[in-house]
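Structure first, commentary second.
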Amino acid sequence: MFDKVSTDTSFVAGEHTVLAFWRDQQIFDKLRSQNRGRQPWSFLDGPITANNPMGVHHAWGRTYKDAYQRFWAMNGRELRYQNGFDCQGLWVEVEVEKEMNLGTKNAISALGIDQFVYSCKKRVLKFAARQTEQSVRLGYWMDWDDPQSLRTLSAGVGSDKPVTIKTPIGTSVTDAAEKIVAKLGNPEWGGSYFTFSTENNETIWTFLKKCFQRGKIYRGHDVMPWSGRGGSAYSQMEVAEGRKLTTHKSVFVRFPLRGRENEYLLVWTTTPWTLTSNVAAAVNPQLEYVKLQAKRDSAVYYFAKENLEFQRLAKEFKEGFGRPEWTWPTGVPKLKTIAQIFKEQGGYEVLGTLKGSELIGLEYNGPFDDLPAQHQPGGLPKDDNLLSATGISCHRVVDGGRDNEGTALVVAGEGTGIVHIAPGCGDVDHVLGKTLGLVAIAPLAEDSSFVEGFGAFTGKVATDRQTAEFVFEELKKKGLLVNVEEYPHIYPHCWRTGDELVFRLVDEWFIKMDWRQEIMDVAKTINWLPESVDGLARELEWLTNMRDWMISKKRFWGLALPIWVDQDPSIEWSDSNKFFVVGSLKELKELEVEGWNDFDGHTPHRPWIDGVKIKHPQTGKVMTRIPDVGNPWLDAGIVAFSTLGFNTHPEMWKKWYPADFVTECFPGQFRNWFYALLSMSTMMRYEGEADAEPLDKRPFKTLLGHRLVMNEQGQPMHKSDGTAIWFEEAAEQIGVDTIRWMYLAQNPAQDLRFGTRHPDKPVTLQFFGADKPAVQTDEGAALCLVTSKPADETRRQNLITLWNTYAFFVNYARLDDFNPLAEQVPVGERPEIDRWILSNLQSLIATARDEFSAYNTQGFLKEASRFIDDLSNWYVRRNRRRFWRSRDAGDRDKLAAYQTLYTVLVQLCKLLAPVIPFVTEQMYQNLVRKVDASAPESVHLCEYPQVDPAQLDEGLSERMALAQVVVKLGHGLREKANQRVRQPLAELRLASSPHQRAAIMNLVDVIRDELNIKQITACEDLDELVTYVYKPNQKSLGPKYGKSLGAISKALSILPPGLLDPLRKGVPVAVPVDGAEFVLTPEDVFISTVQAADWACADEDGVQIAISTKLTPELLQEGIARDFVRQVQQLRKEADLEIEQRIQILHAATDADVLAALKFWGDYIREETLADSLEAAPTVASAKSVLVGAVEIPLWIERAK
RNA sequence: GGGCGUAUAGCUCAGUUGGCUAGAGCGCAGCUCUGAUAAAGCUGAGGUCCUUGGUUCGAAUCCAAGUACGCCCA
């Protein structure tokens, strides 16, 4: 028999019980063996960065992953269940730097790259273990490594001492930790993949080799945002994170025009240090320029006319810089106009205007032409293609041109309309310089200091304030300084050190992306979800606009780029004969001439691989590996090959490629993971002339993106201000099932408002598997109160309602010894309401299957919520009496009710198992396993329900909906007539179409009961009780009569009564309007009732009802009896009696009407309240004064002996 | 600066190919119901469907311009 179910719903404790059950009974393993060898469903996991513990925001994507995997597993598919950890890259380096207190790149070199890399590996393994535990708590079923083994490995990295771990598949492995780590996630062991594995790195080599063979790898220069302290270039993403409002000294400077006495270009910049490397000056040919003479020294200046009086930063001065905290800095004066500057210097005179195009070609002298770097042929570093030019020889006015969207680069506004161009110091400058064949002069070393060739500047750091002052002094000496001012602006800073970034020319390695069309063709074969986001369009937009893929980074921890170069510095790196890409470790060993022995036994990482030298297979020259590491998106993008065994297990790869499904949080991923997957797959599958079809190159078939998790106010959650919610805090306070429901019901195209963390309210939590409650996370962060209205609502509306329905069923089934295995009452013989809920169940099953298959859990859960509500608040509510009836073995109606509710609950468990795996497991264990030992051991081992078409009856839903309309109208009428529901009323009359009438009369018991009305009468019409109003149906009349619609509407309201009555019988009526006649058919009008006489009436959906409001003495007496019963029940509830406990009722009523009612309805009262007696007695202290009818009486109960 | 998206009740959001008195949940007020419920039902208050113009018999919906916010790119 079922266990008793408490209605005290603490789901979190239940989740722990279920986790222990799954673990102890190895349910997940049983699921895997059950489906082994069946049709595969391939999921490819986007790796989570194993660098920190999971926050609550990570759980959204992981809930999708788990829910869809569980769904397909219940459909008998074989799955891989491989989680992925992203392990390499700057993210990890940054955390390790913090941990080890290493501020700069030099500090790392001093420590030793090997020690640093060990630390990175340790950290990754440590947090992989942590995230594994957190994921298990979420109910995320994956082929997890034992967290303890991962910790053992973490501790063992860096030592040769062998360690022993247990692999997920159950074998035991003993070796040096590093050697085990290198092989984690391989098919023989199982477990999560780690992007630092040798297999993953080597498969990227395979990819890069293919790129190399197609001539797509090159070494190039680019100007990148650079941090001097970090010694590294930053991506656009990283730059965006570090934008800050700051104040710089900006400068107006003049460039003397060659061959024009005392005439100058007026130039402005906020980065004075870049003037050292000026090469050209750009104008907009269409723009109008002014020729102006300063009175002080009669100098003539050229600059954009509009800028003369332009109020620079006027808007920012008033409104700030676009964020609340970015207000105009105090103490910084409002900026002057250029006119004002000249006025203050003695005044000016405008000599004339000219077009920018007239300036183009003019040559000038640069401000720092005395520096050796300006004289260097080919620029600095030397460009062998431009050896005939120097910085100085390039000094001329050029056309700034337009960007690829057609916007002019040089515009009037903040500056002077003449832009100083330093191709070695600016991104746009660099592109322009390339186009125009200008040399670049790159002044900065890795630490942002000036290199040799810059005279007194050499050694100075570009971002030092003194350097700017030095520039001003030098300019002043040369008579080129016009004005210096404080200039506030948003400037990129290093998000790690807070350093100001500079733009620095770096040499990096790139993949030429001129094969983007191939990738676009592949992107088009993919199903991008959710549709509303139009992921394909976003991806294509990126693919269209992206630049070549920069794959190198001058750091330590990451993919060792397999690029070997000749050591001869005279060699042009862009010549692909002069560098070589190695495609595998095997190839490396074959080409190796030096260093293999030191490398052997290590993973292909820095520093160990750095010493391996090779001989170029053609030239025979000795080559050294470049020290750069790879872009981490290579690591994540290769997983469709590396983790599926492309190089090692071809059969396995064929079985699982392409993945059926991937899902990831999408901001950013269109140019990160999605991009990397698509492009790498396109390259890997490239087959030359007879290239594969785009369809065969796709790495996955369907992609589901989702947005971000926000706090309750819709704002981002930050670790720094204590608003970011730790996973544990949410899991143990809100409950994982609730969280999962919330995530799966959310529209993935919209940010999810999760909840609020209260950093000032600490809590103590019991973690799963821990022996005692915790006050902080493993990392020592405080645990704080988390509240969430959306979660509370989700729990209340869905989980609690479901649970209480379940509790109701179980607790009555126990009293009645209901046996679910007994013979079933044929569904056809069950009452209409039973067939109704069973039919709705079939619809829900169909919806669940359709929506899960379409990767739209939101659509399923919307219907599931509605179903649970129908089940609880309509089916159970309307059928309670069938469960209460006293035991009678021959009561087939009662049996039908039990069987119906049982079926619904069990099926619902299975339907919802992928969504809320814990609650459904608890229910299933009690409902099914308790009574049927032969049933599958877990709800997750069951087959997903199939629709039984025989039970599907859509007509039933419509009929029930009609009954619900009648009930709703009835409740409304009672309210209007001021009659409480306990007061019985004599009659309800209803009129509607014969078809509807019949449907409603089928459910007459339900209606009578719910509305407490003695008699329900169906009538042809209610003409004697009401009058009718006719309103136009614009949707049907509009197309027919168009412009006359207004007149017809007006006419309808003033027609003589009765004229339109035939419409109610389905007969068309001709209506005269403005001399013309229009024929109206029944669907052209809406008919409603307005007036009632002695009855209350209402209508909706073509159903009219009227209820009699007249009360007879008999009805009043019955009302009193019902009140009395209700009050006794309330006392039972207050006394917390078991539902089967019998009682004695005592009262001290004196009112004659009450006494008469108690006498007449005595049997009924005792039966309803399980009372052995109903007696009058002198009142006692414990009696409660209750309202019965219109009078108060003292009432109390006692337990029956 | 360019591109994309969004704007509907106090809050969070639905609103199908343009058509009925613009809806739901939460919140608020009143009433009702309650031998599973932490529920539920009914009624009510609360709307410039961002603004302006256009197309149309008819616009929350389509078009144009503008405003605000968000994202992406520069």
Side-chain angles (χ1 to χ4, degrees), chain A residues 5-9 236 240 403-409 411 413 427-428 532-534 537-538 541-542 544-546 666-668 670-671 707-708 712-714 747 749-753 789-790 792-797 799-812 862 865-866 869 872-874 876-877 880-881 883-884 964 967-976 978-983 1010-1012 1031-1049 1085-1086 1088 1098 1122 1125-1126 1128-1133 1137-1141 1143 1168-1170:
Chain A
V5 174
S6 166
T7 51
D8 166 26
T9 47
Q236 289 296 326
D403 64 16
N404 52 14
E405 266 131 16
T407 314
L409 209 70
V411 291
D427 182 28
V428 178
S532 65
V533 171
D534 199 353
R538 290 228 209 165
E541 187 193 349
W542 165 250
T544 307
N545 295 324
M546 66 180 184
F666 51 40
F670 290 104
R671 58 202 160 118
R707 282 203 57 92
L708 303 167
E712 220 156 336
Q713 280 69 48
N747 177 355
Q750 269 170 4
D751 289 339
L752 182 143
R753 300 186 172 207
K789 277 191 184 166
D792 291 344
E793 198 177 316
T794 300
R795 189 187 308 105
R796 197 154 26 86
Q797 286 188 336
L799 301 193
I800 291 181
T801 308
L802 176 64
W803 186 265
N804 282 322
T805 306
Y806 157 69
F808 169 86
F809 169 82
V810 167
N811 293 338
Y812 280 95
K862 203 170 161 187
S865 274
R866 189 196 303 249
D869 186 62
S872 169
N873 290 318
W874 191 251
V876 171
R877 177 186 161 84
R880 279 181 295 197
R881 288 187 168 268
F883 296 91
W884 299 342
Q964 286 172 325
V967 166
K968 182 182 155 186
L969 292 174
H971 278 304
L973 289 181
R974 275 189 170 272
E975 167 97 9
K976 243 183 253 170
N978 203 14
Q979 291 293 340
R980 67 190 193 279
V981 176
R982 275 200 301 275
Q983 175 61 59
E1010 178 70 27
L1011 288 177
N1012 193 17
K1031 285 183 180 164
N1033 178 357
Q1034 300 188 338
K1035 193 168 186 173
S1036 96
L1037 284 171
K1040 267 197 248 178
Y1041 299 129
K1043 281 203 168 122
S1044 312
L1045 193 57
I1048 294 172
S1049 301
V1085 291
F1086 296 110
S1088 63
R1122 300 263 317 234
V1125 167
R1126 162 76 193 121
V1128 174
Q1129 304 291 28
Q1130 187 60 32
L1131 289 178
R1132 286 186 64 108
K1133 193 172 175 182
L1137 299 184
E1138 293 292 333
I1139 46 181
E1140 66 270 29
Q1141 174 71 47
I1143 57 165
E1168 285 290 304
T1169 58
L1170 295 186

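Per chain, numbering begins at 1; letters A, B, ... match sequence-line order.
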Tell me which nucleotide among [options] gets nearest to the side chain of [X].
| X | options | value |
| --- | --- | --- |
| R753(A) | U37(B), U12(B), G35(B) | U12(B) |
| N747(A) | A36(B), G35(B), A14(B) | A14(B) |
| K1133(A) | U37(B), C26(B), G35(B) | U37(B) |

### Query
E1168(A) near the nucleic acid: base, sugar-phosphate alone, or nothing, with a heavy-atom cut-off under 4.0 Å?
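Result for E1168(A) = base.
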
Give the rounded distance in Å between these two atoms: [atom1] of [X] and [atom2] of [N].
| X | N | atom1 | atom2 | answer |
| --- | --- | --- | --- | --- |
| R1122(A) | G35(B) | CZ | P | 10 Å |
| R538(A) | C72(B) | CZ | C1' | 7 Å |
| R974(A) | C42(B) | CZ | C1' | 12 Å |
| R1132(A) | U34(B) | CZ | P | 15 Å |
| N804(A) | A38(B) | CG | P | 7 Å |
| R877(A) | A39(B) | CZ | P | 15 Å |
| F809(A) | G35(B) | CZ | P | 21 Å |
| D427(A) | C73(B) | CG | P | 13 Å |

### Query
With distance as the sole criterion, is a donor-acceptor pair present between the side chains of N1012(A) and R1122(A) under 3.5 Å?
yes

### Task
Examine F808(A) together with F883(A) and report whether their ring centres are nearer than 6.0 Å.
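Centroid separation for F808(A) and F883(A): below 6.0 Å.
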
Give every pair of a protein N or O atom and an N or O atom of nucleotides 29-32 of chain B that lie under 3.5 Å apart, one pair per line with the distance.
| unit_1 | atom_1 | unit_2 | atom_2 | d |
| --- | --- | --- | --- | --- |
| G30(B) | N2 | E975(A) | OE1 | 3.4 |
| G30(B) | N2 | E975(A) | OE2 | 2.8 |
| C31(B) | O2 | E975(A) | OE1 | 3.3 |
| U32(B) | O3' | V981(A) | N | 3.4 |

### Task
With salt bridge (Lys or Arg N to Asp or Glu O under 4.0 Å) as the test, would you mind laying out the steps for D792(A) and K789(A) before giving the verdict?
CA-CA 5 Å; D792(A) 291 344; K789(A) 277 191 184 166; over 6 Å; no

### Residue mapping more 5' on RNA chain B - nearest nucleotide basis, K862(A) or E793(A)
K862(A)

### Message
I want to confirm an ordering. Mapping V967(A) and E1138(A) to their closest nucleotides on RNA chain B, which one lands closer to the 5' end?
### Response
E1138(A)

Could you give the distance separating [M] and [N] at their [atom1] atoms, to the nearest angstrom?
| N | M | atom1 | value |
| --- | --- | --- | --- |
| C49(B) | C31(B) | P | 33 Å |
| A74(B) | C69(B) | P | 23 Å |
| U6(B) | G15(B) | P | 11 Å |

### Query
Got a sec: does the CZ of R980(A) have more than 12 other heavy atoms crowding it under 6.0 Å?
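Enclosed.
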
### Message
Is W874(A) close enough to A40(B) that one of its side-chain N or O atoms is under 4.0 Å from OP1 or OP2 there?
### Response
no

### Query
Does Y806(A) put a side-chain nitrogen or oxygen below 4.0 Å from OP1 or OP2 of A36(B)?
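Checking Y806(A) against A36(B): no side-chain N or O falls below 4.0 Å of OP1 or OP2.
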
### Task
Look at the side chain of R877(A) and the backbone N and O of E1010(A), then say whether any donor-acceptor pair between them is shorter than 3.5 Å.
no

### Heavy-atom donor-acceptor pair, S872(A) side-chain to A39(B) base, under 3.5 Å
no

### Query
To the nearest 0.5 Å, how far apart are CG in L802(A) and OG in S865(A)?
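Interatomic distance, L802(A) CG to S865(A) OG, rounded to 0.5 Å: 10.5 Å.
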
